Number of protein chains: 2
Amino acid sequence: MTDALRRFKSEIFQGLAHPTRIAIVEALRDGELSAGSLIEKLDIEQANASQHLAVLRSKQIVVSRKAGNQVFYSIRDQALIEVLDILRRYFYSQLSTSVDMMKEMARQGPKPRIRMR
Amino acid sequence: MTDALRRFKSEIFQGLAHPTRIAIVEALRDGELSAGSLIEKLDIEQANASQHLAVLRSKQIVVSRKAGNQVFYSIRDQALIEVLDILRRYFYSQLSTSVDMMKEMARQGPKPRIRMR
DNA sequence: TCAGTATATTCGAATAATCGAGTATACGAA
DNA sequence: TTCGTATACTCGATTATTCGAATATACTGA
């Protein structure tokens with residue numbers, strides 16, 4: 001049983017292990033949004049959004065509701081928001097002492113990946 | 001800054017996105033352990049353990065301390081334990097209502113990948 | 001120095017994740 | 001039915017993760 005629990009947790013973590021998917025979950029924090037609203041709000045490709053939403057669905061992180069020809073997504077459990085909040089605090093507490101963070105962020109720069117706003 | 005925060009979170013999640021690494025973090029819950037103790041306790045290959053520990057180190061999830069011949073690992077921040085606890089509660093609350101969980105768990109057993117929607 | 005123990009790293013193969021482009025499906029309105 | 005919109009899925013290429021095996025490094029004690 002413990003093993004199943006660990007697999008379950010790792011699936012949740014895997015589901016959240018991408019910046020875009022975190023952005024999606026955070027965007028849903030205050031309530032459901034249609035896939036289209038998410039795409040617009042996050043400025044991502046439609047196909048990409050759909051793929052990430054499929055991942056979130058498969059890990060049971062979000063649930064979807066169909067209304068007419070749109071699909072509304074919402075977070076399945078508030079616990080996940082709690083988790084993100086804990087990590088936000090963790091991030092800032094680390095920031096004050098950790099210069100390694102700079103390394104981590106710089107690692108993103110040199111390669112063709114451009115981001116970093 | 002929001003972007004960096006999301007990348008940070010996703011790195012943490014990625015670091016925890018493997019059952020073995022979750023087992024390691026849980027084993028460290030009550031205090032530091034040497035790499036050897038972890039290997040024995042979790043019954044995993046030495047090289048594999050070392051690789052997973054390297055991941056956890058690179059994501060700043062654990063810190064290591066060298067003492068003579070051995071290396072002791074501990075969790076960098078209690079926040080991560082909190083996160084695991086939240087997910088444990090989440091798991092059990094889902095269990096009572098979610099039959100999909102069984103599918104998820106069954107998927108882990110035999111080799112053939114079933115694709116269900 | 002050498003031998004033994006503890007841990008880390010490298011290698012190569014297998015698997016999985018990711019992306020954009022293209023295509024398919026579902027729905028509402030005409 | 002057909003059209004237009006919203007969303008999902010498939011494909012192929014690229015990159016990342018994972019594993020065990022082998023090797024390397026670091027430390028201790030003789």
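Keep in mind the model is a prediction, meaning the values are calculated, not measured. Lettering of chains follows the sequences in order, A, B, ..., and the numbering in each one begins at 1.
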Between B/Asp3 and B/Arg7, does the side chain to side chain contact (heavy atoms under 4.5 Å, CB included) criterion hold? Intermediate values first, please. CA-CA 6 Å; B/Asp3 215 57; B/Arg7 281 208 305 278; 3.3 Å; yes
Give B/Tyr73 one of three labels, base, sugar-phosphate or nothing, depending on what nucleic acid heavy atoms sit under 4.0 Å from its own. sugar-phosphate
To the nearest Å, how far apart are B/Leu33 CG and C/dT7 P? 11 Å
State, yes or no, whether a side-chain contact exists between A/Leu53 and A/Val71 at a heavy-atom distance under 4.5 Å. no
So A/Ala47, base contact, sugar-phosphate only, or nothing? Heavy-atom distance under 4.0 Å. base
Do you see a donor-acceptor pair shorter than 3.5 Å between the side chains of A/Tyr73 and A/Arg65? no
Using a 3.5 Å distance criterion without hydrogens, assess whether the side chain of B/Arg57 forms a donor-acceptor pair with backbone atoms of B/His52. no
How close or far is atom C1' of D/dT7 from atom CD of A/Glu40, stated in whole angstroms? 15 Å
Report the residue from B/Val83, B/Thr20, B/Ile61 that forms a side chain to side chain contact (heavy atoms under 4.5 Å, CB included) with B/Val25. B/Ile61
Please report how far the helix from C/dT1-D/dA30 to C/dA30-D/dT1 bends, comparing the axis fitted to its first five pairs with the axis fitted to its last five, to the nearest 10 degrees. 20°
Taking only N and O in the side chain of A/Gln14, is any of them less than 4.0 Å away from OP1 or OP2 of C/dA17? yes
Using a 4.0 Å heavy-atom cut-off, does B/Gln51 contact any base of the nucleic acid, only the sugar-phosphate backbone, or nothing at all? base
So do the side chains of A/Ile12 and B/Phe13 get within less than 4.5 Å of each other, counting heavy atoms only? no
A/Phe13 CZ to D/dT17 P, in whole Å, measures 17 Å
Output the rounded distance in Å from NE2 (A/His18) to C1' (C/dC19). 9 Å
Nearest-angstrom distance from the residue atom CD of B/Glu45 to P of C/dT9: 18 Å
For the pair made of CG in A/Leu38 and P in D/dA8, what is the distance, rounded to whole Å? 10 Å
Please say yes or no: joined through hydrophobic side-chain contacts below 4.5 Å, possibly via intermediate residues, are A/Leu84 and A/Leu56 part of one cluster? yes
Counting primed atoms, P, OP1 and OP2 as sugar-phosphate and everything else as base, the B/S/- map of nucleotides 25-30 of chain D against protein heavy atoms under 4.0 Å is -SBS--
Taken to the nearest whole Å, NE2/A/His52 to P/C/dT18 is 6 Å
Any link between B/Leu16 and B/Leu33 through a network of hydrophobic side chains (Ile, Leu, Val, Met, Phe, Trp, Tyr) touching at under 4.5 Å? yes
Select one nucleotide: of D/dC19, D/dA8, D/dT7, the one nearest the side-chain heavy atoms of B/Asn48. D/dC19
A/Lys9 and B/Glu26 ion-paired at < 4.0 Å: yes
Distance criterion of 3.5 Å, no angle test: do you see the side chain of B/Gln46 paired donor-to-acceptor with the base of C/dA8? yes
Salt bridge (Lys or Arg N to Asp or Glu O under 4.0 Å) between A/Arg89 and A/Asp85, worked out: CA-CA 6 Å; A/Arg89 289 195 293 275; A/Asp85 285 345; 5.5 Å; no
Nucleotide of D/dA8, C/dT9, C/dG20 approaching B/Ala54 most closely (side-chain heavy atoms): C/dT9
Between P on D/dC9 and CG on A/Leu56, what's the gap in Å once rounded to a whole number? 13 Å
Which nucleotide wins on minimum distance to the side chain of B/Arg21, given the candidates D/dT18, D/dA16, D/dA8? D/dT18
